[in-house]
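As structure tokens, the structure follows; a few thoughts come after it.
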Amino acid sequence: MQDLVHDVFGIPHGTNKLNREGDFPISEAEKFYKLIDDSQQDLYSGCKNFSKLSFIIRLLHLKCLGKMSNKIFNMLVELLREAFPEAMTNLPSSYYEAEKLMNTLGLGFEKIDACPNDCSLYWGSAEKRTSCETCNELRLGLASDGFNPFNNMSSTHSTWPVVLIPYNLPLWMCMKQPYFMLSLLIPGPSSPGNNIDVYLQPLVKELTELWDFGIQTYDASQKENFQLHAALLWTISDVPGYAMLSEWSTKGEYACPVCHKFTHARRLTHSFKHCYMGHRRFLDSKHKFRKQAQLFDGTEEYGKRPPLQTGDMIVSELGDLQIKFGKLVKSNPKLPFNWKKRSIFFDLPYWKDNVLRHNLDFMHIEKNVGENIWGTLLDIEDKAEDHYNSHCDLREMGIRKELHPIEIEPGKVYLPPSSFAMDKKQKTMFCNVLKKVKFPDGYAANVSRCVRVKPPRISGLKSHDNHILIQQLMPIALRKTLPKSVRYPLIRLSRYFRQLCSKVICPQDVVRLESEIAVILCDLEKCFPPTFFDVMVHLTIHLATEVKLGGPVYYGWMYPVERPEGSIAQGYLAEECINFCMLYLADYVETKFNRPSRNKEVHKEIEEGSDIFSESRHPLGRDKPTIFDAHILSKAYQYILFNCDAVTPYMEQHRRLIEEGHPQVPQHLKERLHSENFACPYVVGIQHDKYVVNGFRFHTNEVEKKRKTQNSSVTVNGTTSSFASIRDQNLVLSELVYFGVLKNVVELIYGGRRVVLFECDWKSNGSRMKQNADGFTVVNFANVRPHVEPFILASQASQVFYVEDPTDKDWQVVISTTARDGYNMGTTMDVETYLQSDVGNPVVENENEEISWVRENGLGIEIDLSQYNLI
């Protein structure tokens, strides 16, 4: 061991003293002498095999060879310390302390902080910095959306606000309207269209100056001035606005602004529209769908995914093209493909280097896809894509002969029912799910107002209504109404939208979704007619790619932008000024920035005592002082004790007393005796009907009967103990998810301290809870018996909601929710845990499902061609 120490410090062997002054700094000399002492000191008195240094090195050697975790190493050291206290004196008590020894031996490492955006290292002269100089650049998004003022949709006046959105903000501030900056307001009798560049000139000039020169700004955290620069990342708009800002027309043969000139479009002669199919080219080159001509458009596919259009490619294609603006100008040159002009944003020196310059709006794409699905499945007039002309297009394309129109007599034809056609009973079942659903408070609007059951029809849905329907309710409503070959692709499309909307999304998941959507759209191509595939359906294939380039979808969607708050121009400016001033008001003054959310609970920490008494509460309505039934009170008090760490030693003592007093009793009966007889003193209690906790608003089941919302559904993760078998009496712990219905909110008072409990009917497993073939968890609360442990702490509760299963009476589908204003700022999942986890719902595969173009037992329709002016 002494030779090891000498080699570490570069000192000749046999020398245990530093003779010359200045050989080592004082700190290094102290380390050397300390290690020499440890290498010469016996592990314990009389030990000749180990010194203290050699013993700890052997322990670390075992850790490396056995791949021992830090926790196991600490437990081993603690065991040795208990067994051999003399030998373990002055030795490390944990792996953390042992690491310090390795650092002394020169085997440590130095941590250097870095900018999370990979701009720079905080080392050398910048070692003490806590923020990145490069990241002081302000990152902006530009959003625009035209609207008719005064909510008058028939008005001939159009107003186009142009808003700048700063992204250098925390999650809970980013994409919130109080932080938007109204840069331009373009009023007029109509949309500015291609001439919007005329109005954008002042803004682009200011953005260029902010990039080149910046503006002097005061950094309040560093207490110093710095030069703030700004860069425009991208634009946010709906599809018509996309055409105005990107200058690529989103209509016609090349309507896809991402595929550009490689857009795969086909003009449908009878339906008088373009369809955008050809999604097989996005598949792997060896995928079996590529050669299945008859299942698709009658051709084999050998094409490749269109290349990403870079700024340099666009500049090269358009060159120094000069366009004259104005509605009266007629002499502009004809541009290739769908180009309308060279965008003014290319005047920004960095714009051509931006990878994602314009965002596809997730909100409007999802809304239009949803309307396409409802209209086609329910055969809604003017929205259905399955009609006589679409069947004629199939005949012209030479595919799906089973669906070609059949002439039954002159002037009359018969249209066979497509595989997705639903009869009246199935349509009614579909609409009933939407009509009866009740959402938690603040989760969604009352969509039942937009649903009619007789006749089955959906109309008047807002963007967010479609968002909820397509992601949450559509998979449930489709159960038993469509064959698997149609239902599974739609369920997978729903899951695709839902996973893209995650607040936190893993890059590996994005890559998976990018490949999954190609298969999903190909499966839909095998079921639905070409008329179904308008450009909005096609654009879904690019959404995952844009998330990969630009991050989560909520940074680039239109929900917060669609309707700006406040009046126009002066009113908006006044509101911005007031918002700025409100940042400097006292904390007790309620403003937009500190206003509590609807479901915000009041948190109050206790100064001493168990943390089970810490208060995070917001009861609603009147308190009801209550004298509780002795049995209920006993159950409540037992649950509190069993969840209080301070009581654990007394619980173990009580278990030992039961063991001594009932040695012959089976183990499960001993557990029952312990549970039922552990102490239960008298306490004062209060009942509540409504309660806010963990960002959720809960109502008891009795209150909910009078409401349009559903706030009584509760879930909790619990640990339960059971016996391995009848013969094996060893207790086995298992993790279970419980789903319940809130019956009562109980508040127990212990000398001024409070504990709030939820009393619920629970289901966790067994015959009343199962997972169906489509991957949904379903539960049955009909005539449910009271649970032996009905209580949980209110702080343990999360919220779900139940949707009536359309096929099984009394069964309800479980849908999970998250707190609306909640942000998980904890540590992220490590790689090993992620790879072992089951991300998302079970995968629903459909590749081996036999395709039938005609719906079995379906009823086709007869068409009188003269009635529709078709003869």
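Under the 6.0 Å cut-off for aromatic ring centres, Phe362 and Tyr559 do not qualify, their centroids lying 6.0 Å or more apart. For His538 and His279, the gap between ring centers is short of 6.0 Å. You'll find the ring centres of Trp234 and Tyr555 outside the 6.0 Å limit.
Taking the six-membered ring where tryptophan is involved, the planes of Phe532 and Phe528 are essentially parallel, since the angle between them stays under 30° and well short of 60°. Relative ring orientation between Tyr350 and Trp211 is described as tilted, the plane-to-plane angle lying within the 30° to 60° band. Between Trp351 and Phe346, the ring planes are perpendicular. Angles over 60° get that label, and only those under 30° would be called parallel.
Minimum heavy-atom separation, Ile365 to Thr540: CG2-CG2, 3.8 Å. For the residue pair Phe696 and Gln799, the shortest heavy atom distance occurs at CD2-CB, 3.5 Å. Residue Leu283 comes nearest to Cys522 through the heavy atom pair CD1-SG, 3.7 Å, listed as atom of the first residue, atom of the second, then distance. Taking all atoms of both residues into account, the shortest heavy-atom contact from Arg400 to Cys527 is NH1-O, 3.6 Å. Shortest non-hydrogen contact noted between Val800 and Ser816 is CG1-CA, 4.0 Å. Scanning both residues, Ala445 and Asp465, for their nearest heavy atoms gives CB-OD1, 3.5 Å.
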Checking Thr250 against Asn338 for the side-chain contact (heavy atoms from CB on, under 4.5 Å) test, could you report, in this order, the C-alpha distance in whole Å, the side-chain angles of both residues, the deciding distance, and whether it holds? CA-CA 8 Å; Thr250 53; Asn338 268 31; over 6 Å; no
Run the salt bridge (charged side-chain N to carboxylate O under 4.0 Å, His left out) test on Glu247 and Lys341 for me, step by step, so that the C-alpha distance in whole Å, both residues' side-chain angles and the decisive distance to 0.1 Å come before the verdict. CA-CA 6 Å; Glu247 315 313 341; Lys341 63 181 176 183; 3.1 Å; yes
Decide side-chain contact (heavy atoms from CB on, under 4.5 Å) for Phe533 and Glu525; before the verdict, give the C-alpha distance in whole Å, the side-chain angles of both, and the deciding distance to 0.1 Å. CA-CA 8 Å; Phe533 296 92; Glu525 283 188 27; 3.7 Å; yes
Yes or no on side-chain contact (heavy atoms from CB on, under 4.5 Å) for Ile476 and Ile815, after CA distance, side-chain angles and deciding distance? CA-CA 10 Å; Ile476 301 171; Ile815 297 182; 3.6 Å; yes
Might you work through the side-chain contact (heavy atoms from CB on, under 4.5 Å) test for Gln472 and Phe439, ending with a clear yes or no? CA-CA 11 Å; Gln472 302 286 12; Phe439 296 110; 5.8 Å; no
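The distance from atom CZ of Phe420 to atom CZ of Arg855, rounded to the nearest 0.5 Å, is 10.5 Å. The structure places CG of Asn372 at 11.0 Å from CG of Asn466, a figure rounded to the nearest 0.5 Å. Atom CG of Leu245 and atom OG1 of Thr235 lie 5.0 Å apart (nearest 0.5 Å). Rounding to the nearest 0.5 angstrom, the gap separating the CD atom in Glu514 from the CG atom in Leu543 is 11.0 Å. In this structure, NE2 on His264 lies 6.0 Å from CD on Glu301, to the nearest 0.5 angstrom. Note that CD of Glu366 and OG of Ser494 are 8.5 Å apart. Values are rounded to the nearest 0.5 Å.
Between the side chains of His467 and Gln471, at least one donor N or O lies within less than 3.5 Å of an accepting N or O. In this model, a donor atom of one side chain and an acceptor atom of the other lie less than 3.5 Å apart for Asp386 and His391. A side-chain donor-acceptor contact under 3.5 Å links Thr299 and Asp297.
Listed for the Asp534 side chain is no donor-acceptor partner under 3.5 Å among the backbone atoms of Lys273.
Under a cutoff of 6.0 Å and an axis angle of 45°, Arg280 and Phe296 form a cation-pi pair.
The pair Asp347-Arg342 meets the salt-bridge criterion, since a charged nitrogen lies less than 4.0 angstrom from a carboxylate oxygen.
The ring-ring contact (aromatic ring centres under 6.0 Å, His included) test with Tyr242 singles out one residue from His358, His542, His364, and that residue is His358.
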